[in-house]
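Encoded as structure tokens, the structure appears first; notes follow it.
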Amino acid sequence: MGKHYYIGIDIGAGSLTTTVIDLQGAVVGSASAELTTHSPHAGWSEQNPQDWWQALCATVRQALGQGAVPAEQVGAVALSAGAHTPVLVDGHGQVIRPAILWSDTRSHLEAAELKQKHGSEIFEIARNVPAATWTQPQLLWLARHEPEALARTQRLYVAKDWLRAQLTDTWETDHTEAAGTLLYDTQRRQWSDRLCEMIGLDPAQLPPLVAVTDVVGQVTPEAARASGLAAGTPVVCGSSDTSIETYGAGAVALGTGAVKLATAATITMVNAEPGPTASVIHYPFCVPDLWYAIGATNSCASAHRWLRDTFFSGNGMTGARAFQAMDDDAARVPAGADGLLFHPYLQGERTPYWDPLLRGDFLGITFAHERRHFVRALYEGVAFSLYDVLQALEEQGRGMTAARIIGGGSHSATWRQIVADVLGISIAMPRITDASFGAALVAAVGVGAFPDLPTAAEHTVSIVAHHEPDAQQHRRYQDMHGIYRDAARALFDINHRLSAISPR
């Protein structure tokens with residue numbers, strides 16, 4: 001039988017998604033399974049890698065069944081996941097401890113120490129600077145607090161590579177994921193002995209490097225029995241979710257990019273080379289010979305869900321119905337939420353402050369404000385934080401006039417228009433926005449179904465909504481953003497004092 005279908009699998013912050021596509025880019029089957037994040041201590045965010053494998057096995061069968069696709073007709077599989085997430089494996093192939101997620105802040109002291117001692121040298125080698133989100137300070141934290149775990153470690157994986165290894169029993173990673181560890185020499189395109197030396201890590205524990213579209217193995221008979229895939233199905237390396245979803249949204253040209261409204265909110269911009277400053281993160285792009293810069297605000301859909309669960313659930317209004325009611329409320333409030341501001345720093349903040357101790361707030365509350373104003377202020381507050389990100393990206397000497405919008409929050413037309421108006425750029429929403437779609441395209445390219453990644457995107461990515469910025473609203477939002485920024489800075493010290501009283 002012909003190989004007509006391709007599978008992409010993405011490990012998200014809250015769920016794993018499997019998507020099956022055909023060569024026209026149509027989704028013929030898709031399934032998701034929730035993932036549990038554990039926070040045994042303040043600031044910790046961990047997941048059990050075995051949960052990813054169970055979710056993969058469940059969703060692959062569901063997605064194939066939904067599309068009535070025989071496993072033998074799957075041409076290839078590729079994976080994506082959030083970067084910076086180390087999985088430590090012993091000499092028997094067993095996972096030693098839960099995986100530390102990018103959102104975990106426990107290593108902020110180690111990150112500050114590395115930045116103070118070696119910041120300029122690290123940036124020179126890795127083109128990024130330490131923060132708690134990176135693998136390098138996470139491993140330094142483990143060396144100090146769980147040295148027995150590192151002593152048992154034979155192989156270090158990142159999330160998508162460990163999951164892929166359950167299919168192929170191989171060990172490798174791509175250059176984007178390598179850069180995400182802060183242990184990678186971006187100029188030499190290899191692991192850095194010096195960056196490993198700073199934390200006492202043996203470079204032999206790091207995997208071989210391959211290209212995003214390389215076929216790295218085949219589904220083993222054992223994995224086939226567990227997952228429902230056919231034994232011998234080619235498995236393509238894949239890459240980190242921000243690279244794959246930017247690509248899968250069709251942003252493959254210089255100066256384009258993507259705005260993501262998901263657990264966190266991000267902006268990515270495609271560049272020819274890493275930028276000159278450390279205000280944003282720089283990675284090799286999955287499209288060869290290109291880079292992308294990314295900045296993020298820590299809390300987006302997570303803040304949205306918190307507002308729903310804390311203030312809007314009740315009277316039978318839960319789940320998706322509550323979200324829809326909130327969205328309807330936000331659409332009835334004028335731009336500016338009648339003077340109500342929201343800082344979405346519920347889990348600290350990344351770009352541009354890189355401060356895990358910042359806290360969220362609603363500012364300017366009066367008796368005139370109703371529940372609907374709080375939803376509108378939340379939408380706008382996330383957009384204002386994204387405007388901070390955009391300004392940091394523009395400090396790299398490059399501008400952005402248009403972007404694709406992706407992530408669960410992009411399904412709100414009201415939120416999409418707010419983002420366009422605040423950022424002052426054109427926003428286009430692709431028909432499919434999940435990273436698993438981009439991963440499926442990578443799988444197809446890896447086995448030669450398309451000649452290269454840009455061609456695959458050109459033939460399969462379509463746009464279903466456009467939003468142009470309203471010039472008057474943009475000017476209004478610029479004024480409000482000035483207040484938003486000044487208030488954030490004025491509250492830095494207060495946030496730090498509050499964190500000292502009541503740590504997260």
Side-chain angles (χ1 to χ4, degrees), residues 1-12 15-33 52-81 160-161 163-170 210-239 244-245 247-248 250 286 430-462:
M1 289 186 289
K3 307 290 188 179
H4 303 302
Y5 303 99
Y6 300 89
I7 291 180
I9 300 167
D10 176 66
I11 307 172
S15 63
L16 180 144
T17 300
T18 294
T19 296
V20 184
I21 67 169
D22 61 21
L23 279 175
Q24 287 68 51
V27 173
V28 297
S30 183
S32 295
W52 308 336
W53 175 238
Q54 293 175 12
L56 180 151
C57 293
T59 58
V60 165
R61 292 182 184 278
Q62 292 168 15
L64 289 174
Q66 184 184 102
V69 174
E72 293 75 17
Q73 291 190 16
V74 174
V77 179
L79 293 88
S80 65
K160 74 104 171 45
D161 300 317
L163 185 58
R164 191 188 60 246
Q166 308 317 296
L167 295 174
T168 61
D169 197 25
T170 61
V210 299
V212 170
T213 53
D214 279 357
V215 176
V216 298
Q218 298 178 339
V219 175
T220 66
E222 181 181 6
R225 288 190 292 271
S227 68
L229 294 165
T233 301
V235 180
V236 176
C237 180
S239 192
I244 293 296
E245 64 199 4
Y247 162 70
C286 62
R431 175 171 50 92
I432 306 166
T433 66
D434 194 82
S436 58
F437 173 76
L441 290 183
V442 168
V445 173
V447 292
F450 295 98
D452 52 46
L453 290 170
T455 301
E458 179 183 351
H459 281 80
T460 59
V461 178
S462 59

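Predicted model, so just to flag it, every value in this text is computed and none were measured.
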Discussion item. Are more than 12 heavy atoms, taken from residues, nucleotides or ligands other than D169, located less than 6.0 Å from that residue's CG atom?
Written reply: no
Response to the item:
Minimal heavy-atom distance between Y6 and A449, with the atoms involved, is OH-CB, 3.5 Å
Worksheet item: Mind checking whether L56 and L167 have side chains closer than 4.5 Å, heavy atoms only?
Response: yes
Worksheet item: How about F437 and V461: do any of their side-chain heavy atoms sit closer than 4.5 Å?
Response: yes
Discussion item. Exactly one of V212, T213, V442 should register a side-chain contact (heavy atoms from CB on, under 4.5 Å) with S239. Which one does?
Written reply: V212
Worksheet item: Quick one: CD on Q54 to CG on L16, what's the gap to the nearest 0.5 Å?
Response: 11.5 Å
Item to complete: Tell me, please, which residues at least two apart from D161 pass salt bridge (Lys or Arg N to Asp or Glu O under 4.0 Å).
Response: R164
Worksheet entry | Side-chain donor-acceptor pair present, D10, T17, cut-off under 3.5 Å | no
Worksheet item: For the atom pair OG (S80) and CD1 (I11), what is the distance rounded to the nearest 0.5 Å?
Response: 8.0 Å
Item to complete: Determine whether L229 and I7 make a side-chain contact, defined as any pair of heavy atoms from C-beta on separated by less than 4.5 Å.
Response: yes
Worksheet item: Hey, is the main chain of V216 close enough, under 3.5 Å, to the side chain of D214 for a donor-acceptor pair?
Response: no
Worksheet item: Are the side chain of Y247 and the backbone of L453 linked by a donor-acceptor contact shorter than 3.5 Å?
Response: yes
Worksheet, complete the sentence: Taking every heavy atom of A224 against every heavy atom of A231, the minimum-distance pair comes out as CB-N, 3.5 Å
Discussion item. For H4, is there any backbone N or O sitting under 3.5 Å from a side-chain donor or acceptor partner on Q73?
Written reply: no
Worksheet item: Would you say the side chain of V77 lies within less than 4.5 Å of the side chain of V60, judging by non-hydrogen atoms?
Response: no
Discussion item. Using 0.5 Å steps for rounding, measure from the CD atom of Q218 to the OG1 atom of T170.
Written reply: 10.5 Å
Response to the item:
Closest non-hydrogen atoms of R225 and R61, given as atom of the first, atom of the second and distance, are O-NH2, 2.8 Å
Worksheet item: Who passes side-chain hydrogen bond (donor to acceptor under 3.5 Å, both in side chains) against S436, sequence neighbours left out?
Response: T19, D434
Worksheet item: How many angstroms lie between atom OG of S462 and atom CD of Q24, to the nearest 0.5 angstrom?
Response: 12.0 Å
Practice prompt. Give a yes or no answer on whether the side chain of T233 reaches the backbone of A230 with a donor-acceptor pair at less than 3.5 Å.
Written response: yes
Item to complete: Indicate the atoms forming the closest heavy-atom contact of C237 with V210, along with that distance.
Response: SG-CG2, 3.7 Å
Worksheet item: By side-chain hydrogen bond (donor to acceptor under 3.5 Å, both in side chains), which residues pair with T433, not counting sequence neighbours?
Response: none
Fill in: Stepwise side chain to side chain contact (heavy atoms under 4.5 Å, CB included) test for L64 and V74
CA-CA 9 Å; L64 289 174; V74 174; 3.8 Å; yes
Practice prompt. Would you give the length of the straight line joining atom CD1 of I9 to atom NZ of K160, rounded to the nearest 0.5 angstrom?
Written response: 12.5 Å
Discussion item. Between V215 and V447, is there a side-chain heavy-atom distance shorter than 4.5 Å?
Written reply: yes
Response to the item:
Nearest heavy-atom approach of A31 to A63 is CB-N, 4.0 Å
Fill in: Taking every non-hydrogen atom, the tightest pair across A456 and T460
O-OG1, 2.7 Å
